[in-house]
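In what follows, a single structure is set out as structure tokens and then discussed.
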Amino acid sequence: MPEWPSTLDVEALLADGWRPTPFRQFILKIHSRCDLACSYCYVYEMADQTWRSRPRRMSRDTVETTAARIAEHVTAHGVESVEVVLHGGEPLLAGPAEIEHAVRALRAAVPARVDVLAQTNATLLDDDYLRLFDALGIGLGVSLDGSRDAHDRVRRTADGRGSYDRTAAALARLTSPAFRHLFRGLLCTVDLRNDPVETYEALCGFGPPAVDFLLPHGNWSAPPPGRTADPSATPYADWLGAVFDRWYAAPGRAPRVRLFGEIVHLLLGGWSASEQVGLSPAAMVVVETDGEIEQSDLLKSAYEGAGSTGLHVATHAFDDLLRLPGTAARQIGALALAAECAACPVGGICGGGLYAHRYRHGSGFQNPSVYCPDLLSLIRRIGTAVQADLSARPKEPR
């Protein structure tokens with residue numbers, strides 16, 4: 001039986017007036033391997049194992065072909081700026097020469113501003129890399145899961161050694177006066193075994209401009225740790241709620257926390273800028289090391305081939321991806337919601353949660369998030385705090 005969105009009629013959507021959103025974020029998997037073996041990694045430890053058959057490094061020909069395809073896309077749609085994320089695996093394994101070639105090729109080919117970010121575990125981030133990134137204007141996001149004990153429990157090498165000390169040393173270099181302007185923030189995966197406030201404070205100890213808390217990837221067929229069928233249990237909302245209370249009590253001194261900021265913005269009538277929450281159309285695409293064009297790589301957590309499109313930069317334009325049901329499903333907003341989400345009072349705020357977390361074998365992706373009770377509880381908690389804050393402000397005279 002076909003799973004949704006394979007049954008989605010894109011031509012009917014177009015006939016009804018829907019128009020796809022051009023891509024503005026391009027994730028380049030410049031290296032498909034990693035020097036860590038994190039226990040929760042969706043690339044290596046979950047359903048999709050296609051990394052095993054891909055080349056380790058993206059070739060220069062593939063980089064240049066990708067750059068030409070991005071140029072073609074931005075020209076066709078009048079896009080003025082794009083973000084390119086160097087990703088993996090661990091992108092720094094590609095080596096300085098390949099990273100420099102990729103960035104220079106992209107900026108030479110694309111007739112738009114190209115902002116480049118590398119998402120790294122930072123174990124290889126030395127002064128030579130930092131000087132290169134400074135010269136090329138590459139921002140850096142670093143994965144860190146809190147304190148040494150919390151981080152080393154899950155972010156370890158294949159032989160079981162922790163990586164905290166190397167990551168912390170790299171962060172000390174990155175946050176020095178010479179390179180701090182490259183620092184874009186920390187990415188932390190929520191682990192219920194860790195104290196939430198202690199984790200938040202450990203992250204804040206590095207002075208990040210932003211912190212991105214990620215829910216562990218899972219779905220209805222492969223639930224994440226601690227997420228049971230009991231709708232009254234909200235362990236992730238409780239964990240994140242404790243962090244929110246600490247964060248919200250320190251305005252002006254706290255880093256930007258994307259999930260909290262997005263929810264607050266949505267509650268106040270704005271639009272989301274990420275796929276975590278809200279109904280804004282997804283504008284991100286992935287290019288693998290072999291040049292295959294994929295949807296969100298987070299779909300690898302659902303089943304093997306979930307993100308596959310059958311498209312390749314050598315033979316297809318990015319516009320070809322815009323007309324696929326899987327892309328449309330992540331761009332049509334409320335039309336992609338399950339009936340329960342459409343009827344939910346915070347459905348427009350939650351937006352069904354991250355698309356990858358909605359999967360259920362047999363029905364596909366048109367389900368509530370596996371984190372539905374947590375998202376509902378967290379949004380209500382944040383909404384209560386924001387409403388109390390607004391009510392306490394003196395009213396302006398008419």
Side-chain angles (χ1 to χ4, degrees), residues 21-32 43 54-55 57-122 125 129-130 132-143 181-185 187 210 212 258 273-275 281-298 307 309 311-314 316-319 321-322 327 330:
T21 298
F23 300 114
R24 289 181 170 82
Q25 185 184 61
F26 298 83
I27 296 180
L28 271 57
K29 299 283 188 171
I30 60 172
H31 203 283
S32 68
V43 176
R54 297 191 193 279
R57 184 183 288 111
M58 183 178 285
S59 72
R60 292 192 173 192
D61 285 346
T62 298
V63 168
E64 291 164 8
T65 301
T66 301
R69 289 297 189 190
I70 296 174
E72 175 185 57
H73 192 70
V74 301
T75 299
H77 296 279
V79 175
E80 296 181 354
S81 66
V82 296
E83 181 181 63
V84 173
V85 181
L86 305 180
H87 210 277
E90 169 49 49
L92 271 59
L93 286 172
E98 299 308 312
I99 290 174
E100 181 172 6
H101 170 264
V103 173
R104 294 196 185 282
L106 286 159
R107 289 189 172 140
V110 178
R113 190 178 83 243
V114 179
D115 296 320
V116 182
L117 171 75
Q119 183 61 45
T120 175
N121 61 37
L125 186 62
Y129 258 129
L130 286 168
L132 175 65
F133 293 159
D134 190 20
L136 295 174
I138 301 175
L140 285 159
V142 176
S143 298
H181 60 284
L182 303 176
F183 193 19
R184 297 294 181 267
L187 185 153
D212 202 356
R258 183 169 68 159
S274 78
E275 293 188 63
M284 175 266 282
V285 63
V286 176
V287 180
E288 289 284 357
T289 53
D290 57 2
E292 182 180 349
I293 302 171
E294 288 197 338
Q295 300 177 57
S296 170
D297 56 338
L298 304 182
T309 64
L311 308 182
H312 193 283
V313 291
H316 296 89
F318 286 116
D319 271 22
L321 182 64
L322 288 176
T327 303
R330 294 167 50 236

Could you walk me through whether L28 and L106 pass side chain to side chain contact (heavy atoms under 4.5 Å, CB included), step by step? CA-CA 11 Å; L28 271 57; L106 286 159; 4.2 Å; yes
Test salt bridge (Lys or Arg N to Asp or Glu O under 4.0 Å) applied to E292 and R54, step by step: CA-CA 10 Å; E292 182 180 349; R54 297 191 193 279; 3.1 Å; yes
Where do Q295 and T309 land on the side chain to side chain contact (heavy atoms under 4.5 Å, CB included) test, with the steps shown first? CA-CA 7 Å; Q295 300 177 57; T309 64; 3.9 Å; yes
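No side-chain donor from either of E288 and S32 sits under 3.5 Å from a side-chain acceptor of the other. No hydrogens or angles considered: a donor-acceptor pair under 3.5 Å links the side chains of D319 and H77. A side-chain donor from one of S143 and Q119 sits under 3.5 Å from a side-chain acceptor of the other.
A donor-acceptor pair under 3.5 Å is absent between the side-chain atoms of H31 and the main chain of G95, judged by distance alone. Using modelled atom types, no side-chain atom of K29 and backbone atom of H87 make a donor-acceptor pair closer than 3.5 Å. Remark: side-chain polar atoms of H73 are paired, donor with acceptor, to backbone N or O of F23 under 3.5 angstrom.
We find the CD-CG distance between Q25 and D115 to be 11.0 Å, quoted to the nearest 0.5 Å. Within the model, atoms CE of M284 and CD of E294 stand 10.5 Å from one another, a figure rounded to the nearest 0.5 Å. For the atom pair CG (L117) and CD1 (I27), the distance works out to 9.5 Å, reported to the nearest 0.5 Å. The OG1 atom of T327 sits 3.5 Å away from atom CG of L321, with the distance rounded to the nearest 0.5 Å. Here S296 contributes atom OG and E275 contributes atom CD; the two are 5.5 Å apart, rounded to the nearest 0.5 Å.
Between F26 and V82 the shortest side-chain heavy-atom distance falls below 4.5 Å. With a 4.5 Å cut-off on side-chain heavy atoms, T289 and T62 do not count as touching. Residues E64 and H101 form a side-chain contact, since some pair of their non-hydrogen atoms from C-beta on lies under 4.5 Å apart. Residues T120 and Y129 form no side-chain contact, since every pair of their non-hydrogen atoms from C-beta on lies 4.5 Å or further apart. Counting only heavy atoms from C-beta outward, the side chains of R24 and V79 approach each other to under 4.5 Å. Contact annotation: the side chain of L140 never approaches that of R184 to less than 4.5 Å [non-hydrogen atoms, C-beta and beyond]. You'll find the side chain of F318 reaches within 4.5 Å of the side chain of I293, heavy atoms only. Contact of the V116 side chain with the L136 side chain is not registered, since no non-hydrogen atoms from C-beta on lie closer than 4.5 Å.
Closest approach of T21 and A283 over heavy atoms only: CG2-CB, 4.3 Å. Nearest heavy-atom pair across P91 and L86 is CG-O, 3.5 Å. The two residues T75 and P111 make their nearest non-hydrogen contact at OG1-CG, 3.4 Å. The shortest heavy-atom contact between I99 and L92 is CD1-CA, 4.2 Å. Listed here is the closest heavy atom pair of I138 and A118: CG2-N, 3.9 Å. Between A112 and S81, the shortest heavy-atom distance links the atoms CB-N, 4.1 Å.
Salt bridge absent: E80 and R113 never bring a charged side-chain N and a carboxylate O closer than 4.0 Å.
Qualifying salt bridge (charged side-chain N to carboxylate O under 4.0 Å, His left out) partners for R258, counting only residues two or more places apart in sequence or in other chains: D212. In this structure R60 satisfies the salt bridge (charged side-chain N to carboxylate O under 4.0 Å, His left out) test together with E98, sequence neighbours excluded.
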